[in-house]
A.B. asks: 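Mind having a look at this structure? Questions to follow.
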Amino acid sequence: MINRMITKSYKRLNNNNLIGNLIKPRQSIIYNFSINKSSNRFFTTNNNSSEINNTQQKPTTTTTTLRKDEIDFFNEQSQDWWNSEGTMKPLHRMNPFRVNYICDRLKIYNEKVANNPIHLPLQGLNVIDIGCGAGLLTESLSRLGASKVVGLDAAKNNILMAISHASFDQKLNENIENKSLQYIESTIENFSIENNQQFDAVCSLEVIEHVDNPKQFLEYLTKIVKPGGSIFLSTINKTFLSYISAILGAEYIFRMVPVGTHHWNQFIKPEDLKSYLKSNNCETTDLQGLVYNPLLCEWDFTNDLNVNYILHAIKK
Ligand SMILES: C[S@@+](CC[C@H](N)C(=O)[O-])C[C@H]1O[C@@H](n2cnc3c(N)ncnc32)[C@H](O)[C@@H]1O
Ligand SMILES: [Mg+2]
């Protein structure tokens with residue numbers, strides 16, 4: 001029932017001429033909305049840039065980390081994103097692990113987090129989720145009390161689905177209304193040029209293997225991290241085993257994700273990621289392997305970095 005309502009709202013948002021008319025390609029688009037609970041109708045406006053703190057009206061960049069084929073692919077997945085048994089099942093199952101990882105690492109490196117109440121570990125923090133999809137991690141970051149959470153994705157349908165989904169939860173709807181949770185349709189390059197704000201934590205999970213020019217992606221990403229702030233990245237290693245497991249196994253044998261989700265040549269070795277981070281003044285402080293059991297549909301941490309891994313880095 002709730003899923004049908006979310007999909008209906010999402011379709012209404014997607015058909016909303018107001019949004020369609022205002023879209024300017026290659027510029028960040030912030031969606032503000034509220035829901036009238038008695039009629040279940042959305043009131044949406046969007047606003048190019050003025051809601052981002054310290055926004056400068058600079059031209060957007062001419063280079064892009066965006067691969068159009070990837071964005072087309074993810075735009076098509078948006079309606080199934082919150083189906084925990086659907087094509088995003090592995091991400092749904094991974095979410096509690098990565099949320100715990102982020103909180104545990106921040107507890108060590110951020111004084112505020114170390115002193116925060118246990119149920120609101122991110123209280124007082126500014127956090128951004130780059131390539132947020134329809135908000136799996138973004139929603140968790142907001143629920144954990146972050147004072148500002150931005151979910152940013154280049155796929156418009158994902159941003160609209162994220163807004164639709166959040167609006168059916170009282171707390172998240174409140175957070176959107178008071179702007180402590182904000183969704184933006186943009187790329188990292190446009191956002192980092194248009195916006196002066198720096199964040200206590202920048203997360204980009206399962207994204208970098210889908211972008212063009214990961215080195216440049218990280219140059220832009222590291223610019224929006226505060227000195228002493230944290231970066232969380234998760235992705236897939238470029239090994240023989242990752243081809244067998246993440247492509248043959250996950251796409252062709254177990255049909256866990258659609259065929260064509262991943263391209264082996266875009267996978268990244270942890271040494272490369274660490275060196276790109278280092279060249280942007282960021283030190284990797286932790287690297288953990290993640291392993292998925294397709295029979296139990298469960299993730300676990302491992303010392304083996306051959307397939308999936310997550311890392312934490314600190315900007316100096
Ligand atoms: C596999 S999904 C991961 C979603 C989310 N981070 C999660 O783990 O739940 C990758 C997301 O990255 C987005 N994406 C890909 N390239 C991007 C780019 N250059 N800039 C912003 N978003 C991008 C896609 O639209 C897609 O939603
Ligand atoms: Mg992926």
Side-chain angles (χ1 to χ4, degrees), residues 25-29 60-61 63-84 86-99 101-102 127-141 149-162 165 183-193 202-221 224 232-238 242 245-247 250-251 256-268 290 292 299 307-310:
R26 307 181 60 75
Q27 244 190 309
S28 301
I29 300 168
T60 49
T61 173
T63 60
T64 183
T65 61
L66 207 121
R67 285 179 58 109
K68 190 180 174 307
D69 56 334
E70 294 277 2
I71 302 307
D72 290 347
F73 174 85
F74 285 112
N75 264 323
E76 275 176 26
Q77 308 298 318
S78 60
Q79 290 204 45
D80 201 39
W81 209 278
W82 279 98
N83 172 5
S84 58
T87 52
M88 295 297 153
K89 184 172 178 173
L91 288 185
H92 281 264
R93 296 293 170 113
M94 190 193 269
N95 209 43
F97 279 84
R98 53 198 196 173
V99 169
Y101 180 81
I102 290 168
V127 189
I128 186 164
D129 183 13
I130 306 286
C132 64
L136 290 185
L137 176 73
T138 330
E139 285 197 5
S140 303
L141 298 171
V149 181
V150 176
L152 180 140
D153 201 285
K156 174 189 169 193
N157 291 353
N158 282 347
I159 290 296
L160 296 184
M161 182 47 91
H165 191 267
Y183 282 106
I184 301 179
E185 178 196 338
S186 191
T187 58
I188 183 66
E189 53 273 14
N190 286 346
F191 182 77
S192 79
I193 287 171
V202 177
C203 308
S204 192
L205 305 187
E206 309 304 314
V207 178
I208 199 159
E209 73 274 21
H210 299 284
V211 309
D212 201 24
N213 200 338
K215 195 171 176 211
Q216 197 181 34
F217 179 84
L218 286 180
E219 271 170 37
Y220 285 113
L221 184 145
I224 61 167
F232 294 96
L233 302 171
S234 71
T235 189
I236 307 177
N237 199 345
K238 198 179 205 167
S242 72
S245 164
I247 296 184
E251 296 183 13
M256 282 154 45
V257 293
V259 169
T261 299
H262 288 118
H263 310 281
W264 188 82
N265 59 346
Q266 288 175 226
F267 289 172
I268 304 176
L290 283 163
Y292 189 66
W299 288 94
V307 188
N308 294 82
Y309 62 94
I310 186 162

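When a ligand or atom number is given, it counts from 1 through the structure's own listing order.
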A.B. asks: Taking only residues at least two apart or on different chains, which pairs with a member in residues 64-75 satisfy salt bridge (Lys or Arg N to Asp or Glu O under 4.0 Å)?
C.D. replies: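 Only R67-D69, K68-D72 qualify under salt bridge (Lys or Arg N to Asp or Glu O under 4.0 Å).
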A.B. asks: Pick, from D153, T138, I208, the option with the minimum heavy-atom distance to atom 13 (C) of ligand 1.
C.D. replies: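 Nearest option to atom 13 (C) of ligand 1, by heavy atoms: D153.
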A.B. asks: For ligand 1, which atoms have a heavy atom of T65 less than 4.0 angstrom away?
C.D. replies: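 In order of numbering, the contacting atoms are 19 (N).
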A.B. asks: So is W81 touching ligand 1 or not, going by heavy atoms under 4.0 Å?
C.D. replies: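 Distance cut 4.0 Å: W81 passes for ligand 1.
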A.B. asks: What about F217: any of its N or O atoms under 3.5 Å from an N or O on ligand 1?
C.D. replies: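 F217 vs ligand 1: no N/O contact under 3.5 Å.
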A.B. asks: Between NE2 of H210 and OE2 of E209, what angle is found at the Mg ion (ligand 2), rounded to 10 degrees?
C.D. replies: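 The two atoms subtend 90° at the Mg ion (ligand 2).
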A.B. asks: Can a side-chain donor-acceptor contact be found between E189 and T65 if the only test is distance below 3.5 angstrom?
C.D. replies: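 Short answer, yes.
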A.B. asks: H210 and H263: aromatic ring centres closer than 6.0 Å?
C.D. replies: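 So the answer is no for these two rings.
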A.B. asks: May I ask you to check whether E206 brings an N, O or S atom to under 2.8 Å from the Mg ion (ligand 2)?
C.D. replies: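 False for E206.
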A.B. asks: For ligand 1, which is the ligand I care about here, please tell me if N158 has any N or O atom under 3.5 Å from one of the ligand's N or O atoms.
C.D. replies: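 There is such a contact, yes.
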A.B. asks: Counting from 1, what ligand 1 atoms have a heavy atom of V211 closer than 4.0 Å?
C.D. replies: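 Ligand 1 atoms under the 4.0 Å threshold to V211: 16 (N), 19 (N).
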A.B. asks: Can you find an N or O of L205 that's nearer than 3.5 Å to an N or O of ligand 1?
C.D. replies: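 The answer is yes, given that L205 and ligand 1 share an N or O pair closer than 3.5 Å.
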A.B. asks: Which residue and atom name correspond to the protein heavy atom nearest atom 7 (C) of ligand 1, and how close is it?
C.D. replies: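 For this ligand atom, the closest protein heavy atom is R98 NH2, 3.4 Å.
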